[in-house]
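Let me begin by presenting the structure, written as structure tokens, before commenting on it.
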Amino acid sequence: MTSAWIVVAVLFVGTASMRAAGPVAFGGRSLSGRGASVVALVAPAILGALVVYETVSAGGRGVEIDARVLGLAAAALALAARLPLIAVVLVAAATTALTRLL
């Protein structure tokens with residue numbers, strides 16, 4: 001078995017046990033209002049962290065600020081302007097492409 005499959009198996013077991021821990025720990029009880037709001041914000045926070053990490057990572061060489069950062073900033077501004085999602089993607093792609101062109 002290759003090391004990649006071992007990693008996949010370990011991640012599967014870890015994910016399955018973490019997903020099972022919630023129902024086992026809480027049983028039939030429901031979370032409080034504050035607990036439910038924290039749980040609801042975990043996935044967007046992790047997604048945001050992954051986007052920022054992938055935007056500024058330099059492939060193991062540290063942090064690299066390049067055209068991707070401007071594309072991410074343009075996407076943030078488009079989201080703040082409440083543009084549709086397809087427009088946000090197009091604005092970010094066009095900004096990144098134009099920055100790389102220059």
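The analysis underlying the following values was restricted to heavy atoms, covering all of them including side chains, and did not include hydrogens, waters or symmetry mates.
The two atoms that bring L70 and T95 nearest to each other are O-CG2, 3.7 Å, heavy atoms only. Nearest heavy atoms, V88 versus A78: CG2-CB, 3.8 Å. When all heavy atoms of A75 and A92 are compared, the closest pair comes out as CB-CB, 3.8 Å.
Listed for the R100 side chain is no donor-acceptor partner under 3.5 Å among the backbone atoms of D66. With hydrogens and angles ignored, the 3.5 Å screen pairs no side-chain donor or acceptor of T15 with any backbone N or O of F12.
Atom OG1 of residue T96 and atom CG of residue L101 lie 12.5 Å apart, to the nearest 0.5 angstrom. Rounding to the nearest 0.5 Å places CG of L85 at 9.5 Å from CG of L90.
Clustering ILVMFWY residues whenever any of their side-chain heavy atoms sit less than 4.5 angstrom apart, transitively, puts L47 in a cluster other than the one holding L79. Linking Ile, Leu, Val, Met, Phe, Trp and Tyr whenever their side-chain heavy atoms come within less than 4.5 Å leaves V89 and V91 in two separate clusters.
For the side chain to side chain contact (heavy atoms under 4.5 Å, CB included) with L11, the lone residue among V13, V8, V7 that qualifies is V7.
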